Undergrad: 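The structure that follows is given in the form of structure tokens.
Residue numbers count from 1 along this sequence. Whatever order the structure lists them in is the order used to number ligands and atoms, beginning at 1. Since we're looking at a predicted model, the values are computed, not measured.
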Amino acid sequence: MATCPACNHDVATPFFLNLDGWRHLVCPYCRARLELKPPGSFVLGPLIAPLFVLARHGRIYEVIAFVFMFATIFLMLLESVRPKVRLRKRPLPKPTIRLNIDGPSN
Ligand SMILES: [Zn+2]
């Protein structure tokens, strides 16, 4: 479940790794096109490897590396349970030429 940023209704979200489901996600209440917001915890992922290199230098670094790794995994799980969504930007650019069909006739 996620909250629609346009109408604040709860929207059923597809499985985290179901990319095709995410691509076609539309809010059933206001028809807004939604997309998955990249989870913040994924930024922490690449930091795990250098921490384990540092862990070879001492016990304390080893403990820090393990705590950091488990905290990152925990945050990733937490964010995958309740993902954040944002409004999808329109893929088509605004037309530069506007036809004045609905303009006043006289
Ligand atoms: Zn909505």
Undergrad: Is it the case that one hydrophobic cluster holds both L44 and I64, taking links as side-chain heavy atoms less than 4.5 Å apart, direct or via other members?
TA: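 Hydrophobic grouping puts L44 with I64.
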Undergrad: Scan residues 51-65 for pairs that pass side chain to side chain donor-acceptor pair (under 3.5 Å), counting only residues two or more places apart or in two chains.
TA: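 Non-adjacent pairs meeting side chain to side chain donor-acceptor pair (under 3.5 Å): R59-E62.
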Undergrad: Parallel, tilted or perpendicular, judged at 30° and 60°: which one describes the rings of Y29 and H9?
TA: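 Y29 and H9: parallel rings.
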Undergrad: If Ile, Leu, Val, Met, Phe, Trp and Tyr residues are connected whenever their side-chain heavy atoms lie under 4.5 Å apart, and connections chain through other members, are V26 and W22 in the same group?
TA: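 In one cluster: no.
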Undergrad: With a cut-off of 2.8 Å, which protein N/O/S atoms are close to the Zn ion (ligand 1), if we only count those under it?
TA: C4 SG, C7 SG, C27 SG, C30 SG
Undergrad: Applying ring-ring contact (aromatic ring centres under 6.0 Å, His included), can you list everything that pairs with F74, at least two apart in sequence or on another chain?
TA: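 Partners of F74 under the ring-ring contact (aromatic ring centres under 6.0 Å, His included) test: none.
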Undergrad: Linking Ile, Leu, Val, Met, Phe, Trp and Tyr through side-chain heavy atoms less than 4.5 Å apart, which residues share a cluster with V53?
TA: none
